[in-house]
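To find a chain, count down the sequence lines: A is the first, B the second, and so on, and within it residues start at 1. None of the values given here were measured: they were computed from a predicted structure.
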Amino acid sequence: MDIIEEKSNDIAVFKLNGSLDSNTSPAFEEKVVAIIEGGTSKIIVDFSGLDYISSAGLRVLNLASVKLKPSNGNLVLCCLQDYVREVFEIAGFDQFLPIVATMEDATAKFN
Amino acid sequence: MARVLEIALKSDYDELGRICISVNEFLESHELSPRVLYGVNLALEEILTNIFKYGYDDECKDHDISVRLEVEGPGVSVQIVDDGNSFDLEKAPEPDLSIPISERTIGGLGIHLVRNMLDTINYQRVDDKNIIELSIKGEAACSGKD
């Protein structure tokens, strides 16, 4: 698992490569919680390089979404493979997390 | 090319990395769709972590678990056998996805994903062992050669 973190203007972008599983989720949780507690309220997670996610990974995204609530922040997911998107739908997470096709669409959500 | 992979492991989280490597080496030697590869990995992670977490009343990490994978056409069948507490995957309560997310307890999510991502799930309790059998069908590859 590889996590690339970038900041463009006031938006934090996390690009995830590999697997977000029970082994790698704690490292992602640490980074995303740190950035929210540091005052960032706009987050994009780029899933283009992610080929595996389990319930442990979904829990981190849920936690991030809950932590962003008080600041009216938002978490946008982009570039999911079909079967990864299917998992978000099965979990019901597509009901509260905006999921878009491209990075441009994700950035546009904050404009 | 072997169509069957059998792995013996202990009830220890540290085993997951090793299992994952052998399983993916095996699956990648067959022509399976990314969705099928994903489903098998998901079932193994969610069910094994569930067994580690809830299967045993002692702290011992030395219980034997066996995993068997068999490639069947474009799909895969998975069998997991453990001697832990009885746990019927088919009857585990569904998480309530209608509750607002911030108020939701998120337990049971992994099993919910497995039940919906895989095509069949069968549970039996035999001789104090849990036998879980799952399958994911996958779509036959379009030959295009006809």
Side chain to side chain donor-acceptor pair (under 3.5 Å) between B:Glu45 and A:Tyr52, intermediate numbers included: CA-CA 11 Å; B:Glu45 179 181 340; A:Tyr52 180 83; 2.9 Å; yes
Does CG belonging to B:Asp58 count more than 12 external heavy atoms closer than 6.0 Å? yes
Residues, nucleotides or ligands: over 12 heavy atoms within 6.0 Å of B:Lys129 NZ: no
If you round to the nearest 0.5 Å, how far is OG of A:Ser19 from CG of B:Asn24? 8.0 Å
SG of B:Cys20 to CG of A:Asn23: how many Å apart, nearest 0.5 Å? 9.0 Å
Can you confirm whether more than 12 heavy atoms, excluding those of A:Phe110, are under 6.0 Å from its CZ atom? yes
B:Met117 vs A:Ile90, test: side chain to side chain contact (heavy atoms under 4.5 Å, CB included). Steps then yes/no. CA-CA 8 Å; B:Met117 199 74 193; A:Ile90 291 171; 3.8 Å; yes
Contact summary for B:Glu46 and A:Ser54, nearest pair of heavy atoms: OE2-CB, 3.2 Å
Would you mind checking which part of A:Glu86 comes under 4.5 Å of any heavy atom in chain B, side chain (CB onward), backbone (N, CA, C, O), both or neither? side chain
Kindly check if the number of other-residue, nucleotide or ligand heavy atoms within 6.0 Å of CD (A:Glu5) is above 12? yes
Select one option (side chain, backbone, both, neither) describing which atoms of A:Asp51 are under 4.5 Å from chain B's heavy atoms. backbone
Where does B:Leu113 contact chain A at under 4.5 Å (heavy atoms): side chain, backbone, both or neither? both
Quick check for you: to the nearest 0.5 Å, what is the distance between A:Asp21 atom CG and B:Leu44 atom CG? 12.5 Å
CG/A:Asn111: more than 12 non-hydrogen atoms of other groups inside 6.0 Å: yes
If we define contacts as heavy-atom pairs under 4.5 Å, which of B:Leu42, B:Leu37, B:Leu16 has the most with chain A? B:Leu42
Under a 4.5 Å side-chain heavy-atom rule over Ile, Leu, Val, Met, Phe, Trp and Tyr, are A:Met1 and A:Leu77 clustered together? yes
Identify which part of A:Ile53 has an atom lying under 4.5 Å from any heavy atom of chain B, answering side chain, backbone, both or neither. both
Connected via hydrophobic side-chain network under 4.5 Å: B:Tyr56 and B:Tyr13: yes
May I ask you to test the B:Leu109-A:Leu58 pair for a side-chain heavy-atom distance under 4.5 Å? yes
